[in-house]
Amino acid sequence: AQKVTQAQTEISVVEKEDVTLDCVYETRDTTYYLFWYKQPPSGELVFLIRRNSFDEQNEISGRYSWNFQKSTSSFNFTITASQVVDSAVYFCALRGSWSNDYKLSFGAGTTVTVRA
Amino acid sequence: DAGVTQSPTHLIKTRGQHVTLRCSPISGHKSVSWYQQVLGQGPQFIFQYYEKEERGRGNFPDRFSARQFPNYSSELNVNALLLGDSALYLCASSDTTSGGAVSEFFGPGTRLTVL
């Protein structure tokens, strides 16, 4: 079984502050893939980043960065210098490798509100 | 290039009715997945189809069915609607040539309300 936990329900910040979203996952697979998606009020899920379990290198992409730590089963996501347009629900998701259906298991989401 | 498209955008049905939701994947993508997102929760996997065959099914009753057509578009059918079926139904397409590392791209969703 796979499980994704996003302990933070809501986060509210003032523009230009950094926002870090926590994600903890459970899986029996040795190879797996982790994702972050953004869901603005329009409802469409927007793909942000993907990380493979065998690559723990952390990266920065523009204002986004992520911290993948296999030892603690965590995949945290940071938005630097937040903007009002970053206001959305953010989902962490996991895909294992033992089945053929490539399904994503999502966390419950964290609502981020960036105030001007 | 066009993204994933879904129709209709919104739908209102009454209990016991049947509904059909439609999805067109990104051009070149042969895999389509369906997810149900109840308000305040993360999306839950319903089905995945690849090359017109069902590849996976989530924990949903037999009232839910789907199919994929030769042009890779897909339909999700729900029979005998219940109030609890009210949700945002999301379709995602992917290019599965990279195996489990594929990234799924989602459509805008269909908001279904069952009264």
Side-chain angles (χ1 to χ4, degrees), chain A residues 1-10 21 23-25 27-55 61 66 68 88-111, chain B residues 2-6 8-10 23 26 29-51 53-60 66 68 87-113:
Chain A
Q2 297 173 120
K3 184 179 179 181
V4 176
T5 302
Q6 294 180 252
Q8 304 152 307
T9 305
E10 296 184 31
L21 308 179
C23 174
V24 176
Y25 61 90
T27 181
R28 292 176 297 180
D29 291 354
T30 53
T31 299
Y32 50 89
Y33 307 90
L34 296 161
F35 302 78
W36 277 97
Y37 282 86
K38 172 184 178 180
Q39 188 174 43
S42 61
E44 182 172 346
L45 277 170
V46 178
F47 166 75
L48 297 177
I49 57 173
R50 182 191 71 229
R51 208 46 175 168
N52 308 328
S53 60
F54 43 85
D55 182 0
S61 176
W66 49 95
F68 174 37
V89 182
Y90 289 80
F91 291 97
C92 181
L94 166 70
R95 176 186 292 127
S97 59
W98 62 273
S99 65
N100 293 324
D101 61 17
Y102 302 128
K103 69 179 180 185
L104 287 169
S105 298
F106 285 86
T110 299
T111 301
Chain B
V4 179
T5 59
Q6 293 185 244
T9 305
H10 295 86
C23 170
I26 292 171
H29 286 188
K30 298 180 179 180
S31 178
V32 170
S33 299
W34 287 95
Y35 291 81
Q36 179 197 65
Q37 186 180 16
V38 173
L39 192 63
Q41 298 181 19
Q44 297 292 315
F45 174 75
I46 310 175
F47 285 110
Q48 186 182 80
Y49 276 78
Y50 176 69
E51 289 281 17
E53 292 191 2
E54 181 182 303
R55 173 175 278 181
R57 182 185 183 116
N59 187 25
F60 280 81
Q68 187 178 31
L88 179 67
Y89 288 85
L90 295 162
C91 174
S93 78
S94 59
D95 172 7
T96 59
T97 56
S98 52
V102 298
S103 298
E104 290 192 293
F105 296 91
F106 286 80
T110 294
R111 174 75 61 186
L112 172 65
T113 302

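In what follows, chains carry the letters A, B, and so on, assigned in the order in which the sequence lines appear, proteins first and then strands, with residues in each chain numbered from 1. Keep in mind it's a predicted model, so treat the numbers as computed, not measured.
In this structure, B/Y35 contributes its side chain and A/L104 its backbone to a donor-acceptor pair below 3.5 Å.
Taking chain B as the reference chain and counting heavy-atom pairs below 4.5 Å, the highest number among A/F106, A/Y37, A/F47 is found for A/F106. Among the candidates A/V89, A/L45, A/T111, A/V4, the residue making the largest number of heavy-atom pairs closer than 4.5 Å to chain B is A/L45.
With sequence neighbours excluded, no residue forms a salt bridge (Lys or Arg N to Asp or Glu O under 4.0 Å) with B/E54. Taking A/Y32 as the reference, A/Y25 meet the ring-ring contact (aromatic ring centres under 6.0 Å, His included) condition, with sequence neighbours excluded.
In this structure, CG in A/L48 is found 10.5 Å from OG in B/S103, a value given to the nearest 0.5 Å. Of the inter-residue distances, the one linking A/K103 atom NZ with B/R57 atom CZ reads 12.5 Å to the nearest 0.5 angstrom. Residue B/E104 holds its CD atom at 7.5 Å from CZ of A/F35, rounded to the nearest 0.5 Å.
Residue contact with chain A, scored on non-hydrogen atoms closer than 4.5 Å, is absent for B/Q6. Heavy atoms of A/Q6 lying under 4.5 Å from chain B are absent altogether.
Inter-residue side-chain proximity for B/P43 and A/F91 is flagged as met; some heavy-atom pair is nearer than 4.5 Å.
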